[in-house]
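This report concerns only the one structure given below.
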Amino acid sequence: MTDTFDNRYRSAWAGLARAEHVGSRPRVAGWVHRRRDHGGLIFIDLRDREGILQLVFHPEEGGGAHAQAARLRAEDVISANGELVRREQGTVNPELPTGEVELAVSGFELLADAQTPPFQIDEDDPVNEELRLRYRYLDLRKPAMAQVMALRHRVISTIRAKLDEQGFIEVETPVLTRSTPEGARDYLVPSRRQPGSCYALPQSPQLFKQLLMMGGLERYYQIARCFRDEDNRADRQPEFTQLDVELSFVEEDDVLGLCDRLLPAVLAVGGIEAPGPFERIGYDDALLRYGSDRPDRRIPIEIADLGGVFASSQFKVFAGALAGGGVVRGFSASGDFPRSRFDALTERARALGAKGLVWGVVEPDGWRSPVAKFLSEGEIAGLLEATGAEQGDAVFVVADAATVAARVLGALRLEVGVPRAGHDLVWVVDFPMFGFNEDEGRFDALHHPFTAPSGDLEGDPGGWRSRAYDLVMDGSEIGGGSIRISTPDVQARVFEALGLGEEEAGERFGFLLEALRYGAPPHGGIAFGLDRIVALLAGRDSIREVIAFPKAASGTDPLTGAPAPVDERQLRELGLRAR
Ligand code: ASP
């Protein structure tokens, strides 16, 4: 309970008072959480960061404390001293960690008056988010928020301790820099001294951490702020925090091994037991079995390839798909499936780009399905066996291009499956290097252009694989990284495959290509979304709940009013004019 600071306001944390401190005479300070007047006694629940302690004011206590206390209102700031006593039998509050004790106040000081807050701090009733953010400093006073902030701190300090042990050093990288391509739009900061030029805020420290490896720092980490200007992406923040890591002289096993040791310690902070090493599955395998490169394996459904079963099918839909180079895949699921649900799922499949959805139910007297008559007995038996369908289960089949089948079945799997309790962590490895961007008719890097490619680099870049890896927890990607390119010629080839001409590559990334010519160690790393991990551990749906001062969903800050118009003079200095 004792605090390291012992001054006129406080000698001890109110929220840490326990029975073992009975008899001590602490001075405590904080906010009036609640006041109750009761049979001549006044009770104040005093709140500090550590919790809530009941203060009792007796009318007979001298110094006028009781009379003054009668005027206290919620959120007034006070300091009080007295004797810590055991609560009387029957008044012990088992809900409160301090519930066995109370402070019999002998003196107190009012340090600040509070206006009536716009929402109550002592209640957990839902408050409109805009209002919470507008008065975030009041929202943060809520004990639940204080606990989340403390949890976040413990996560970060655990990370620091674990990485320290393994020889990592924390290095800060610039916030005013050049564009770092992670696939989002940049935030730009116009330069006053170079009119017409802008700094970009980093989407990640990617290039700097690689340059640190070329600078011989060997093992780097940073709790790094990243900035990405994205529209309409659920639960994203314009600025967010990554645990960013990079190591020299390593291969995949080293980076994954590091995380297999680190993550269990981090998750344990939130009481989640997840012993490493985490299983690894290949990207192709993940797409086939789960229809996603972020598989939620808590759902006990796996997609089966049915190409073999329907290889010589007379059913046009299946035969046509297979003849056209497509696939026939499906899964079975248990649950309640009235006709209306099949119709809704068929609609969903169409909306996701499938031509249709074949479905059926395993009934005691056979297989009931609108397409039953098109399938042979052998095919039905093969289908049920391959999908593991049992009596009463529904079966879903999609015949389409492999990407469509994966997307549709992956989404339906999430929709009809019920996740088991607990958590699942899995590495997805062996990604393709590029995805084809249909809209722009060119390749995009699936991770980023600094990821080392693998496979036959003389062949079609569309067939290159990459040395990237993602860590997926319960169906969300919580971290991702790669072994990097460490020679200038391979880096140049990747730029070329991405359609970056030599000139443009030189213009944007000349410094990297140059640095690679001065002896770059083999290196690789990873970054974890820290906000998402803390949200998960805190059992919160949104990362806004675990960031002290987040932006609203619209990207604005209702508290400070950011972003705000700037005056003419500032714009002029920057050589800008608002349209
Ligand atoms: N910079 C990457 C990202 O932000 C992570 C990494 O490759 O280390 O996703």
Side-chain angles (χ1 to χ4, degrees), residues 159 163 168 170-175 177-187 200-214 217-230 233 236-248 250-259 262-263 283 293-294 427-435 444-454 465-473 476-486 490-491 494 498 508-509 512 520-533 543:
I159 289 169
L163 291 178
F168 285 80
E170 188 169 6
V171 183
E172 290 151 280
T173 53
V175 166
T177 177
R178 274 193 88 150
S179 183
T180 43
E182 297 280 359
R185 208 177 270 120
D186 288 322
Y187 280 100
L201 304 183
Q203 294 187 30
S204 83
Q206 186 60 37
L207 289 172
F208 286 106
K209 67 174 172 174
Q210 290 190 235
L211 292 170
L212 287 173
M213 296 305 103
M214 297 170 210
L217 272 82
E218 305 244 5
R219 288 180 205 170
Y220 141 97
Y221 80 98
Q222 183 177 196
I223 307 295
R225 198 66 61 81
C226 303
F227 306 84
R228 299 185 190 178
D229 188 0
E230 297 172 298
R233 295 196 65 178
R236 297 292 175 112
Q237 282 281 305
E239 54 177 304
F240 61 96
T241 305
Q242 283 186 343
L243 161 62
D244 195 41
V245 179
E246 196 76 8
L247 303 77
S248 291
V250 292
E251 300 198 299
E252 286 86 337
D253 278 345
D254 303 296
V255 183
L256 271 54
L258 167 74
C259 302
L262 177 63
L263 261 286
Y283 172 88
D293 59 356
R294 295 165 191 189
W427 287 106
V428 179
V429 298
D430 199 17
F431 284 82
M433 181 71 190
F434 303 111
D444 278 338
L446 228 58
H447 278 77
H448 49 58
F450 317 109
T451 300
S454 62
R465 308 301 285 192
S466 78
R467 299 180 67 184
Y469 30 77
D470 281 353
L471 187 60
V472 175
M473 178 163 181
S476 319
E477 181 201 322
I478 59 168
S482 57
I483 299 301
R484 322 298 183 188
I485 296 168
S486 54
V490 176
Q491 187 63 75
V494 168
L498 288 168
R508 288 179 60 193
F509 303 115
L512 174 72
H523 61 290
I526 192 163
F528 289 94
L530 193 81
D531 308 293
R532 175 86 42 227
I533 292 177
I543 63 170

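Just follow the structure's listing: the first ligand is 1, and inside any ligand the first atom is 1. When a residue number appears, it is its place in the shown sequence, counting from 1.
A heavy-atom distance below 4.5 Å is found between the side chains of Y283 and R465. Put simply, the side chain of F528 does not reach to within 4.5 Å of the side chain of I159, judged on heavy atoms. Counting heavy atoms from C-beta outward, D244 and K209 have side chains that approach closer than 4.5 Å.
Contact annotation for R484 and ligand 1: only side-chain heavy atoms (C-beta onward) come within less than 4.0 Å of the ligand.
For ligand 1, the atoms lying closer than 4.0 Å to a non-hydrogen atom of Q242 are 3 (C), 4 (O). For ligand 1 and A527, the ligand atoms under 4.0 Å from any heavy atom of the residue are 5 (C), 8 (O). Of all atoms in ligand 1, numbered sequentially from 1 with element shown, those under 4.0 Å from a heavy atom of Q206 are 1 (N), 2 (C), 5 (C), 6 (C), 7 (O), 8 (O). Atoms of ligand 1 lying under 4.0 Å from at least one heavy atom of K209, given by number and element, are 6 (C), 8 (O). Listed by atom number, the atoms of ligand 1 under 4.0 Å from I526 heavy atoms are 8 (O).
Looking only at heavy atoms of the protein, atom 9 (O) of ligand 1 is closest to E182 OE1, 3.6 Å. If you check which protein heavy atom lies closest to atom 5 (C) of ligand 1, you get G480 O, 3.3 Å.
No side-chain N or O of R484 forms a donor-acceptor pair with one of S486 less than 3.5 Å apart.
Distances shorter than 4.0 angstrom occur between a heavy atom of R228 and an atom of ligand 1. Using a 4.0 Å heavy-atom cutoff, H448 is listed among the residues neighbouring ligand 1. Heavy-atom separations between E246 and ligand 1 are all 4.0 Å or longer.
Taking the salt bridge (charged side-chain N to carboxylate O under 4.0 Å, His left out) definition, one finds that D444 meets it with R442, sequence neighbours left out. Not a single salt bridge (charged side-chain N to carboxylate O under 4.0 Å, His left out) links E172 to another residue, sequence neighbours left out.
Aromatic ring pairs are classed by plane angle as parallel below 30°, tilted from 30° to 60° and perpendicular above 60°; the pair H447 and F431 is perpendicular.
Each of P449, P453, P522 was compared with I485 under the side chain to side chain contact (heavy atoms under 4.5 Å, CB included) criterion, and only P453 meets it.
Taking any N or O of S204, backbone or side chain, at least one lies under 3.5 Å from an N or O belonging to ligand 1.
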